[in-house]
Amino acid sequence: MDLEPTPEQRDTAATFERVLARESSAERVRAVEDAGFDPALWKVLVETGAVGIAVPEPAGGTGAGVLELGLAAEAAGRHLACAPLVEAASAAMLLAAVQGQEARSAQALAGGPPVVLCPRPAAGGTAVLVPGGGAARGVVALDGGDLVLAQGPPAAPPGDLGFLACADRPLGGGPVERTVLARGEEARDLFRAGAGWWRLGSASVLVGLADRALAVAVDYARTREQFGVRIGTFQAVQHLLADVAMAVDGARLLVRETAWRHDEGDAGWRDAADIAFAHAAETAVRSAEACLHVHGGYGYTLEYDAQLYLRRAKALQLQGGDPEAIWASIGAATLRRAG
């Protein structure tokens, strides 16, 4: 196993880093935070091929791997991108995996409002708090024993989670066009794959967020003075940031190893994706909390960026479900494999 990026992968990462740095500045993020969706950024992500980077070429994508998608997602997390990159990429990959639905995948990658994946099973015929659902024209979700594509007008996101454009989406009735993609065990298997792609992609987003929150904290510690010296000289601050730096490196390694396992065809990648997501989510929250802590009282104010990272990290962590339940599920699966 060699997790060192190839020259092509390094070029991919650098390209998306430049694009996101330009198109998702802190000013842009603040301007669209309430809506949670930046149409101009979304258009750029579609045009650069980020959304379809891991989708096979016959289905309208570029045919790269999940590792390449992770590189784009990491840049999106680093710059707090207000566009459902991972949700749309997971939906397109899932549509491409359904027999006879390649045309729908290509259509989803052609531009216009996004088609997104709901990473949790629906409840009562409604996909609940779908990330990106407030701006999406279509939602792929598991509704009972059916994997469905529900297409209809975007819904207004609730204010409290506006920065993720979350919204409940009905999966049938009224103006919603409902298409059953698969049923029974096939539907559940496809959904498990889609949820795994979402968790792995979201883990990359969280790694990027953690990395950037750490960088913001380090920059502030280098310039902020207290008692006549820079706070970066205090051992308590140094130890805090060093611990976070090691955690971020470990989370990145785990996420990229899982992506490598997926692209190599290792069947264990789904369980590994759960672990990668849980660890990356905890690391992102820890890094954002450290960033806020280093800023002191300023970190709680809206004028500083520290609070942006903490709120986004906590929200993304909870999008994956109850963190304790995820770890309990991981533990149970490990015990089952051990007999």
Side-chain angles (χ1 to χ4, degrees), residues 50-51 53-55 65-77 81 84-97 116-122 127-133 139-142 147 164 166 187-210 247-248 250-286 312-334:
V51 181
I53 195 170
V55 176
V66 169
L67 181 55
E68 284 75 11
L69 172 61
L71 296 175
E74 189 173 327
L85 169 60
V86 171
E87 292 74 19
S90 300
M93 293 165 67
L94 194 51
L95 288 171
V116 300
L117 173 73
C118 180
R120 297 171 302 280
V128 180
L129 284 179
V130 182
V139 176
V140 179
L142 183 67
L147 182 69
L164 292 181
C166 287
R188 287 185 283 272
D189 284 344
L190 285 166
F191 177 74
R192 281 193 289 268
W197 292 325
W198 180 85
R199 281 191 170 175
L200 185 50
S202 295
S204 295
V205 171
L206 287 159
V207 167
L209 189 156
V248 173
R252 179 182 288 112
L253 177 64
L254 181 57
V255 170
R256 291 189 179 177
E257 178 187 350
T258 304
W260 176 86
R261 291 176 65 178
H262 173 281
D263 293 343
E264 291 294 312
D266 184 343
W269 76 269
R270 292 182 191 176
D271 291 337
D274 291 344
I275 299 172
F277 175 82
H279 180 52
E282 288 187 350
T283 299
V285 171
R286 180 181 178 188
R312 188 72 65 93
K314 288 293 290 184
L316 285 172
Q317 181 185 42
L318 294 175
Q319 276 293 318
D322 180 354
E324 292 299 324
I326 293 174
W327 282 119
S329 174
I330 291 168
T334 302

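All residue numbers refer to positions in the sequence shown, counting from 1.
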For this session: Can you see which heavy atom on Gly268 is nearest to which on Asp266, and at what distance?
Result: N-OD1, 2.9 Å

Problem set entry | Within-4.5 Å side-chain heavy-atom neighbours: Leu318 and Pro323 | yes

For this session: Measure the shortest side-chain to side-chain distance between Asp271 and Ile330 over non-hydrogen atoms and say whether it is less than 4.5 angstrom.
Result: no

For this session: Taking all heavy atoms of Ala313 and all of Leu206, pick out the closest pair and write down the distance.
Result: O-CD2, 4.2 Å

Problem set entry | By side chain to side chain donor-acceptor pair (under 3.5 Å) - contacts of Asp263 (at least two apart) | none

Exercise. Under 3.5 Å, side chain of Ser90 to main-chain N/O of Val86, donor-acceptor pair present?
Worked result: yes

Exercise. Do Leu94 and Leu190 pass the side chain to side chain contact (heavy atoms under 4.5 Å, CB included) test, and can you show the C-alpha distance, the side-chain angles, and the key distance before you say yes or no?
Worked result: CA-CA 7 Å; Leu94 194 51; Leu190 285 166; 3.9 Å; yes

Problem set entry | Minimum heavy-atom distance between Leu117 and Ala195, given as atom pair plus value | CD2-N, 4.1 Å

For this session: Could you tell me which non-hydrogen atom of Ala247 sits nearest to which non-hydrogen atom of Arg286, and how far apart they are?
Result: CB-NH1, 3.7 Å

Exercise. Say you draw a straight line from CG of Asp274 to CD1 of Ile326; how long is it, rounded to the nearest 0.5 Å?
Worked result: 7.0 Å

Problem set entry | Whether Arg199 side chain and Gly320 backbone form a donor-acceptor pair below 3.5 Å | yes

Problem set entry | Ring geometry between Trp197 and Trp269 (parallel below 30°, tilted from 30 to 60°, perpendicular above 60°) | parallel

Seminar exercise, completed: Closest non-hydrogen atoms of Val248 and Ala210, given as atom of the first, atom of the second and distance, are CG2-CB, 3.9 Å

For this session: Considering non-hydrogen atoms only, spot the tightest contact between Val255 and Ala276 and give its length.
Result: CG2-CB, 4.1 Å

Exercise. Does the side chain of Arg270 come within less than 4.5 Å of Leu200's, by heavy atoms?
Worked result: no

Using residues 65-74 as the side-chain source, report each donor-acceptor pair under 3.5 Å to any protein atom, sequence neighbours left out, with the distance given to one decimal.
unit_1 : atom_1 : unit_2 : atom_2 : d
Glu68  : OE1    : Gly65  : N      : 2.9
Glu68  : OE2    : Gln9   : NE2    : 2.9
Glu74  : OE1    : Arg256 : NH2    : 3.3
Glu74  : OE2    : Arg78  : NH2    : 2.9
Glu74  : OE2    : Arg252 : NE     : 3.0
Glu74  : OE2    : Arg252 : NH2    : 3.2

Problem set entry | Distance (rounded to the nearest 0.5 Å) between Glu87 CD and Cys118 SG | 10.0 Å

Problem set entry | Partners passing side-chain contact (heavy atoms from CB on, under 4.5 Å) against Ala92 (at least two apart in sequence or in another chain) | Val55, Ser105, Leu109

Problem set entry | Any side-chain heavy-atom pair of Val140 and Leu147 under 4.5 Å | yes

Seminar exercise, completed: dist Trp327:CH2 -> Thr334:OG1 (nearest 0.5 Å) comes out at 9.5 Å

For this session: Without swapping roles, check the side chain of Arg120 against the backbone of Gln319 for a donor-acceptor pair under 3.5 Å.
Result: yes

